[in-house]
There are 2 protein chains.
Amino acid sequence: MRKYTEILKAISDEKRLRILRTLIKSKTGMCVCELMDTLGEQPYNISRNLKILQFLGLVEGRREGKWVVYSAVQSRDEFLKYVIKAIDSIPNEFFREDDLRMKLRLNLRQAGRCVYGVNSRAWNEAVKKIYKQIL
Amino acid sequence: MRKYTEILKAISDEKRLRILRTLIKSKTGMCVCELMDTLGEQPYNISRNLKILQFLGLVEGRREGKWVVYSAVQSRDEFLKYVIKAIDSIPNEFFREDDLRMKLRLNLRQAGRCVYGVNSRAWNEAVKKIYKQIL
DNA sequence: TTGTCATTTGCGCAATTATGCAAATGTAAA
DNA sequence: TTTACATTTGCATAATTGCGCAAATGACAA
């Protein structure tokens, strides 16, 4: 039973919930620096929480050169399927900024791959531009 | 978003998960002493955790004389429905003893109501009898 | 009222978990 | 090899949470 409660506890942390949800929504998976820019978190917070999610079988990571790309695992387990559905049932309004920034960050990719590090000039300008548009 | 993570955290605790699941399975609701006997927990652990579940809208309590009867709330909320389904997807084998003891405890009722306090003679004999049968 | 039983709650301690910093590791390009 | 960047991890500390005890509350019957 421990496995089940560990999974619930893992996603009961807001940071991990946002990381997992972002990876699910991204479809393609994302590298650590893309998650950092998207969620505005420190590298160790992203990395450590990804490790926890990975240990529980919720995400998986693969190295691609300097980058490590994580993606949500598509599970056949009934428990996990309902957990994912529950996450997906949380109204999008709570993740509006995450979703916007993820879209923006993935737009910086070239040939479907991350090419900028964290907090890059390109990223900062893209964010500034959008926030100006919105306000 | 806090509300959602709080609910996940609440059921990520094994004691609370077992309390909630037991109430769901019981259909009729159960009083604190029935939960104590069923789960083998101290009164303050049952009571405090019920309060947390109640605060989050997962269970509701009503007083019936000396007893306070709690029951699982049937929610219309999509998030909660999937959370309940997830709980229901955890294999029953993990709750075999809980289920047996719940059935045993509810069998002691008269006219559908709890009539024995915690750790009563009737309860102890019922348990001893069943455990002798099984072993 | 008094006593008894069922349940709740305040308080302090123990255990767990999250977080930041700094250092370490891994990878590729200069 | 050196450098730069991406990611991970060990360690110490802060914050949160769980738990037991003892006392309080609520309800009913003697």
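Quick note on labels: first sequence line is chain A, next is B, and so on, each numbered from 1.
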Is Tyr82(A) isolated, or which residues cluster with it under the ILVMFWY side-chain rule of less than 4.5 Å, directly or via members? Tyr82(B)
Contacted region of DNA chain C by chain A, from 5' end to 3' end of the hits, cut-off under 4.0 Å to heavy atoms, spans dT17(C) to dA28(C)
Show which residues join Val73(A) in its hydrophobic cluster (side-chain heavy-atom contacts under 4.5 Å, direct or indirect), or state none. none
Provide a list of protein-nucleic acid N or O atom pairs under 3.5 angstrom, restricted to nucleotides 3-6 of chain D.
from: dA6(D); atom 1: OP1; to: Gly117(A); atom 2: N; distance (Å): 3.3

Between atom CG in Asn45(B) and atom P in dC21(D), what is the gap in whole Å? 11 Å
Partner residues of Arg48(A) under the side-chain hydrogen bond (donor to acceptor under 3.5 Å, both in side chains) criterion, sequence neighbours left out: none
For nucleotides 10-12 of chain D, tabulate all protein N/O to nucleotide N/O atom pairs closer than 3.5 Å, reporting atom names and distance.
from: dG10(D); atom 1: O6; to: Arg48(A); atom 2: NH1; distance (Å): 2.8

Within this structure, what is the CD-to-C1' distance between Glu41(B) and dC21(D), rounded to whole angstrom? 16 Å
Pairwise salt bridge (Lys or Arg N to Asp or Glu O under 4.0 Å) hits with a residue in residues 65-84 of chain A, at least two apart: none
Hey, could you give me the CE/OG distance between Met102(A) and Ser26(A), rounded to the nearest 0.5 Å? 6.0 Å
Any Arg2(B) side-chain heavy atom under 4.5 Å of Ile7(B) side chain: no
Write down the atom of Arg109(B), the atom of Met30(B), and the distance for their closest heavy-atom approach. NH2-CA, 3.8 Å
Sequence neighbours excluded, every pair satisfying ring-ring contact (aromatic ring centres under 6.0 Å, His included) that has a member inside residues 110-135 of chain A: none
If you look at every heavy atom in Ile11(B) and Leu17(B), which pair is closest and at what distance? O-CB, 3.6 Å
Between C1' on dT7(D) and CG on Leu50(A), what's the gap in Å once rounded to a whole number? 10 Å
Val83(B) and Ala86(A) have their tightest heavy-atom pair at CG2-CB, 4.0 Å
Selection residues 41-79 of chain B - residue pairs positive for ring-ring contact (aromatic ring centres under 6.0 Å, His included), sequence neighbours left out: Tyr4(B)-Phe79(B)
Angle of first-five versus last-five pair axes in the helix from dT1(C)-dA30(D) to dA30(C)-dT1(D), to 10 degrees: 10°
For DNA chain D, find the residues of residues 10-21 of chain B with a heavy-atom distance under 4.0 Å and give them by number; none if there aren't any. Asp13(B), Lys15(B), Arg16(B)
Looking at Glu125(A), I want to see if its CD is surrounded by more than 12 non-hydrogen atoms of other residues, nucleotides or ligands under 6.0 Å. yes
Not counting sequence neighbours, which residues clear side-chain hydrogen bond (donor to acceptor under 3.5 Å, both in side chains) with Lys85(A)? List them please. none
Specify the closest pair of heavy atoms between Asn45(B) and Lys15(B), including all atoms of both residues, with the distance to one decimal. ND2-NZ, 3.6 Å
Atom CG of Leu8(A) and atom P of dT17(D): how far apart are they, to the nearest Å? 16 Å
State, with a plain yes or no, whether a side-chain heavy atom of Ile19(A) is found less than 4.5 Å away from one of Val59(A). no
